[in-house]
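Everything quoted here is computed from the prediction, not taken from an experiment. First the proteins, then the strands, lettered A, B, ... as listed; each starts at 1. Side chains are part of it too, since the values below use all heavy atoms of this structure and drop only hydrogens, waters and symmetry mates.
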2 protein chains.
Amino acid sequence: METDLFKTRISEEGLKATKQREEILNIFMTSSGHQNLAQIYAQVAKINPKIGYTTVYRTLKLLTHLGLATQRKFADGETRYEPASEGSHHDHLICLDCGKIIEFEDQTLETLQNGIARRHRFKISHHRMEIYGCCEECHRKKRMGRRKS
Amino acid sequence: METDLFKTRISEEGLKATKQREEILNIFMTSSGHQNLAQIYAQVAKINPKIGYTTVYRTLKLLTHLGLATQRKFADGETRYEPASEGSHHDHLICLDCGKIIEFEDQTLETLQNGIARRHRFKISHHRMEIYGCCEECHRKKRMGRRKS
DNA sequence: ATACTTGCAAATTGTTTGCATATGA
DNA sequence: TCATATGCAAACAATTTGCAAGTAT
């Protein structure tokens, strides 16, 4: 359980491990990732309706600060959170039909960005790459639909 | 002047070319790009304070629809607009210190995305790539500062 | 003439904060 | 004990809409 890491990190910061925070952490860590605050709150509320929206908001902010969560903003502008994967960087494929978000890793891409940055004498902090389009499943459905009609 | 294209496109859609729209178009097209609505509005207001914020908002939305503007959202979540460059796709380097946004084009990147998509059986619509870091100018300033102290 | 446009005010949405009360270390 | 956390309500900011009056075609 990542609860241990959580307790370590949180006490390092002189903050408190409350039951609300642990509950939110558990739900968040076992969730599918890439969810916005409303979605995470909905899940939390299903299990413990006593927990307020604000607490979920502040907890996700805290988890991000502790390095246990990552904030993402895709083209739709919504703020989403995903459990932080230590080390490896990844990017995303985003289906415009069903909204599915697929993670991918590509070493060439990591190398490529270095060349681009060098050409512009730019010191890289990080990058993000998103590919928008249609996932296999939705594409299949579309073909089926076309066939039927 | 892109006013001609504007008039063509707008009448194609059965809409009207008003002086507000033309004024906003001119300011927008000659602007530096990557500006948010408030910034564009500020420029418009300087020249014609009679034009309302809502009109600027709706006009930029319209220009986007007509294919004359492109909406962008970078990591800060702000909605920005840039004059649409027909044809060529480009991506961005974004300086985290001064906020400068540099455009770049990279053919390898375009090729690379095709491979990634193919591996995931994904039909690409478009992509976006942003590299965050420190631009040459800011980097130099930092070094100067360090030397002084 | 009439459908489209404007600009104000007001609604909406997503995010963030103030504060009195409750609680973990 | 006492600094930190909670949850409500309310502030905020950015975006979007309703509507009466104005305008391009």
Minimum heavy-atom separation for Glu130(A) to Arg128(A), with atom names? OE2-CD, 3.4 Å
Rounding to 10 degrees, work out the angle separating the end axes of the helix from dA1(C)-dT25(D) to dA25(C)-dT1(D) (five pairs an end). 30°
Could you state the CD-P distance from Glu12(A) to dA25(C), rounded to the nearest angstrom? 15 Å
Which one, dC8(D), dT5(C), dT15(D), comes nearest to the side chain of Arg58(A)? dC8(D)
Side chain to side chain donor-acceptor pair (under 3.5 Å) partner of Glu23(A), the single match among Asn48(A), Thr59(A), Thr18(A): Asn48(A)
Quickly work out the Asn36(A) CG to dT16(C) P distance and round it to whole Å. 13 Å
I'd like to know whether the aromatic ring centres of Phe104(B) and His90(B) sit less than 6.0 Å apart in this structure. no
What is the distance, to the nearest angstrom, from the CG atom on Leu15(A) to the P atom on dT23(C)? 19 Å
Separation of dT15(D) P from Tyr41(B) OH (nearest whole Å): 15 Å
When we call it a touch if two heavy atoms are under 4.0 Å apart, what does Ser11(B) touch: a base, just sugar-phosphate, or nothing? nothing
Would one find more than 12 heavy atoms of other residues, nucleotides or ligands at under 6.0 Å from atom CD of Glu137(B)? no
Once you round it to whole Å, what is the distance between C1' of dC8(D) and NZ of Lys50(A)? 15 Å
So which atom in Lys73(A) and which in Gly77(B) form the shortest heavy-atom distance, rounded to 0.1 Å? CD-CA, 3.7 Å
With the 4.5 Å side-chain cut-off for hydrophobic clustering, are Leu112(A) and Ile102(B) part of the same group? yes
Please report the distance, rounded to the nearest Å, between OH in Tyr57(B) and C1' in dA13(D). 15 Å
Over all heavy atoms of both residues, which pair between Glu103(B) and His120(A) is shortest? Give the atoms and the distance, please. O-NE2, 4.2 Å
His34(A) and its side chain to side chain donor-acceptor pair (under 3.5 Å) partner, picked from Glu82(A), Glu78(A), Arg80(A): Glu82(A)
Would a distance-only check, ignoring hydrogens and angles, find a side-chain to backbone donor-acceptor pair under 3.5 Å from Arg9(B) to Leu66(B)? yes
Compare the minimum distances between each of dG7(D), dT15(D), dA5(D) and the side chain of Thr54(A), then state the nucleotide with the smallest one. dG7(D)
Ignoring backbone atoms, test whether Tyr53(A) places a side-chain nitrogen or oxygen under 4.0 Å from the OP1 or OP2 oxygen of dG7(D). no
Starting at atom CG of Asn48(B), determine the distance to atom P of dT6(C), rounded to an integer number of angstrom. 12 Å
Residues from residues 16-23 of chain A sitting under 4.0 Å of DNA chain D, heavy atoms only? Lys16(A), Thr18(A), Gln20(A), Arg21(A)
Using whole Å, what does the distance between atom C1' of nucleotide dA14(D) and atom NZ of Lys61(B) come to? 14 Å
